[in-house]
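Inspection log for the structure reproduced underneath, given as structure tokens.
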Amino acid sequence: MKKQDSGQPATPTIQVIERMFALIDVLASREEAVSLKEISEKTGLHPSTTHRILNDLAVGRFVDRPEAGSYRLGMRLLELGNLVKGRLNVRDAALAPMRELHKLIQQPVNLSVRQGDEIVYVERAYSERSGMQVVRAIGGRAPLHLTSTGKLFLAADDAPRVRAYATRTGLPGHTRNSITQLQVLERELAKARQYGIARDNEELELGVRCMAAGIYDDQAKLVAGLSISAPADRLDEGWLTKLQATANAISEALGHTPAAAAKVA
């Protein structure tokens with residue numbers, strides 16, 4: 001058992017986080033609710049410190065209080081766990097089809113998800129023979145409006161949310177081709193909704209063009225985007241059918257039942 005603290009409220013931030021994790025670990029070890037006294041004893045924390053941190057966690061729904069003086073893990077942890085699980089499932093389902101698509105076209109194939117106002121690259125299939133330097137590594141981020149996958153996510157939003165995104169970010173540009181005007185972006189998103197495909201015409205990086213198709217889960221929710229990147233003068237429109245077919249196959253692996261095939265842009 002850890003040495004008990006004095007219960008003083010002033011603690012360094014890192015220490016508070018460590019204590020929070022310790023409390024969560026105790027709750028995770030039991031199926032039923034745990035009393036404040038037992039939690040305090042198992043962690044070696046003063047009851048007042050334990051109570052204060054648990055109450056803060058309860059505000060964020062990380063901890064529930066089924067009755068006075070007892071605690072259990074909250075639904076927010078389940079929500080976050082499902083979010084992580086969903087993203088991992090997308091990657092697992094996408095990896096083999098991405099590699100097959102890369103073999104066919106010999107250009108980088110990217111898997112991206114949305115996080116706030118950016119997309120995050122979570123997987124990539126590429127080789128040095130593609131003739132193009134990979135400019136966004138796995139874990140890299142980029143603004144939604146400057147990327148093909150990001151435009152798919154914006155196209156899934158309603159008009160007020162798109163306007164809010166534009167106001168919030170200011171639609172910054174990275175190249176002379178970047179879309180920095182809301183009206184132009186709205187026209188671009190209308191095309192993405194119509195055809196189910198979005199494009200990046202050297203808007204994020206000069207010399208690089210991309211095309212993207214959406215990946216959907218069993219609730220028909222857009223959860224990721226599959227994109228092909230290529231040197232601007234080598235992007236082949238003939239790849240579009242292969243890209244859509246691959247994205248559809250990944251969606252089906254996630255339990256999605258595709259509707260009628262989208263028109264090809």
Side-chain angles (χ1 to χ4, degrees), residues 83-102 105 107-127 130 132-157 161-162 165 169 171-172 174-175 177-179 185 188-189 191-193 195-205 208-217 219-232 235 239-240 242-254 256 262 265:
L83 180 63
V84 172
K85 179 183 176 182
R87 287 173 179 168
L88 291 175
N89 286 345
V90 170
R91 181 187 176 279
D92 292 344
L95 194 53
M98 287 174 65
R99 289 172 175 167
E100 288 301 315
L101 178 59
H102 170 66
I105 65 174
Q107 293 297 329
V109 178
N110 316 290
L111 180 69
S112 309
V113 299
R114 179 176 185 171
Q115 283 192 357
D117 292 338
E118 299 176 308
I119 64 160
V120 180
Y121 296 87
V122 296
E123 191 54 79
R124 172 172 280 119
Y126 76 101
S127 65
S130 68
M132 187 184 78
Q133 181 181 1
V134 176
V135 293
R136 288 291 187 278
I138 295 174
R141 297 170 176 268
L144 295 175
H145 68 289
L146 299 182
T147 64
S148 54
T149 292
K151 290 175 185 176
L152 289 176
F153 279 102
L154 285 174
D157 285 345
R161 290 184 179 179
V162 173
Y165 168 83
T169 64
L171 299 181
H174 282 201
T175 76
N177 287 0
S178 298
I179 294 176
L185 177 62
E188 188 84 355
L189 299 182
K191 292 179 183 178
R193 294 187 190 101
Y195 298 114
I197 291 291
R199 302 170 185 273
D200 161 14
N201 181 31
E202 299 185 73
E203 295 160 51
L204 182 64
E205 302 282 346
V208 179
R209 294 171 60 206
C210 304
M211 55 175 66
I215 295 173
Y216 300 85
D217 65 10
Q219 303 298 313
K221 178 183 177 182
L222 178 66
V223 293
L226 191 70
S227 63
I228 296 172
S229 304
L235 190 71
W239 297 338
L240 195 55
K242 298 181 179 66
L243 174 65
Q244 288 177 308
T246 303
N248 287 343
I250 298 169
S251 297
E252 289 177 16
L254 297 176
H256 178 64

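Just so you know, residue 1 is the first one in the sequence shown, and it goes up from there. What you are looking at is a predicted structure, and each value in this text was computed from that prediction instead of being measured.
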So how far is it from [X] [atom1] to [Y] [atom2], rounded to the nearest 0.5 Å?
{"X": "Ile119", "Y": "Ser148", "atom1": "CD1", "atom2": "OG", "result": "7.0 Å"}
{"X": "Asn89", "Y": "Asp217", "atom1": "CG", "atom2": "CG", "result": "10.5 Å"}
{"X": "Leu152", "Y": "Leu144", "atom1": "CG", "atom2": "CG", "result": "10.5 Å"}
{"X": "Glu118", "Y": "Phe153", "atom1": "CD", "atom2": "CZ", "result": "13.0 Å"}
{"X": "Leu226", "Y": "Ser112", "atom1": "CG", "atom2": "OG", "result": "8.5 Å"}
{"X": "Asp200", "Y": "Thr175", "atom1": "CG", "atom2": "OG1", "result": "8.0 Å"}

Considering all heavy atoms, the nearest [X]-[Y] contact:
{"X": "Pro108", "Y": "His102", "answer": "N-ND1, 4.3 Å"}
{"X": "Ala94", "Y": "Pro97", "answer": "O-CD, 3.2 Å"}
{"X": "Val113", "Y": "Val223", "answer": "CG1-O, 3.6 Å"}

Identify, with sequence neighbours excluded, every residue that meets side-chain contact (heavy atoms from CB on, under 4.5 Å) alongside [X].
{"X": "Glu123", "answer": "Arg91, Leu95, Met98, Leu111, Ile138"}
{"X": "Ala232", "answer": "Glu202, Arg209"}
{"X": "Ala155", "answer": "Leu189, Ala192, Arg193"}

Check side-chain hydrogen bond (donor to acceptor under 3.5 Å, both in side chains) between [X] and all other residues, then give those that pass, not counting sequence neighbours.
{"X": "Asn177", "value": "none"}
{"X": "Tyr165", "value": "His145"}
{"X": "Ser251", "value": "none"}

* Apply side chain to side chain donor-acceptor pair (under 3.5 Å) to Ser227 and Asn110, showing your working. => CA-CA 5 Å; Ser227 63; Asn110 316 290; 3.1 Å; yes
Exercise for review: Using a 4.5 Å cut-off on heavy atoms from C-beta on, say whether the side chain of Leu240 contacts that of Tyr195.
Suggested key: no
request  = Please tell me if the side chains of Pro143 and His174 come closer than 4.5 Å, counting only heavy atoms from C-beta onward.
outcome  = yes
Quick note, salt bridge (charged side-chain N to carboxylate O under 4.0 Å, His left out) partners involving residues 143-156, not counting sequence neighbours, are Lys151-Glu188, Lys151-Glu203
Let's go through Leu171 and Ile179 carefully: what are the C-alpha distance in whole Å and the side-chain angles of both, what is the deciding distance for side-chain contact (heavy atoms from CB on, under 4.5 Å) to 0.1 Å, and is it a yes or a no?
CA-CA 7 Å; Leu171 299 181; Ile179 294 176; 5.6 Å; no
Full working for side-chain contact (heavy atoms from CB on, under 4.5 Å) between Glu100 and Thr246: CA-CA 9 Å; Glu100 288 301 315; Thr246 303; over 6 Å; no
Kindly indicate, with the supporting measurements, whether the criterion side-chain contact (heavy atoms from CB on, under 4.5 Å) is fulfilled by Ile105 and Leu243.
CA-CA 10 Å; Ile105 65 174; Leu243 174 65; over 6 Å; no
Of Thr149, Leu222, Ile250, the one forming a side chain to side chain contact (heavy atoms under 4.5 Å, CB included) with Ile215 is Ile250
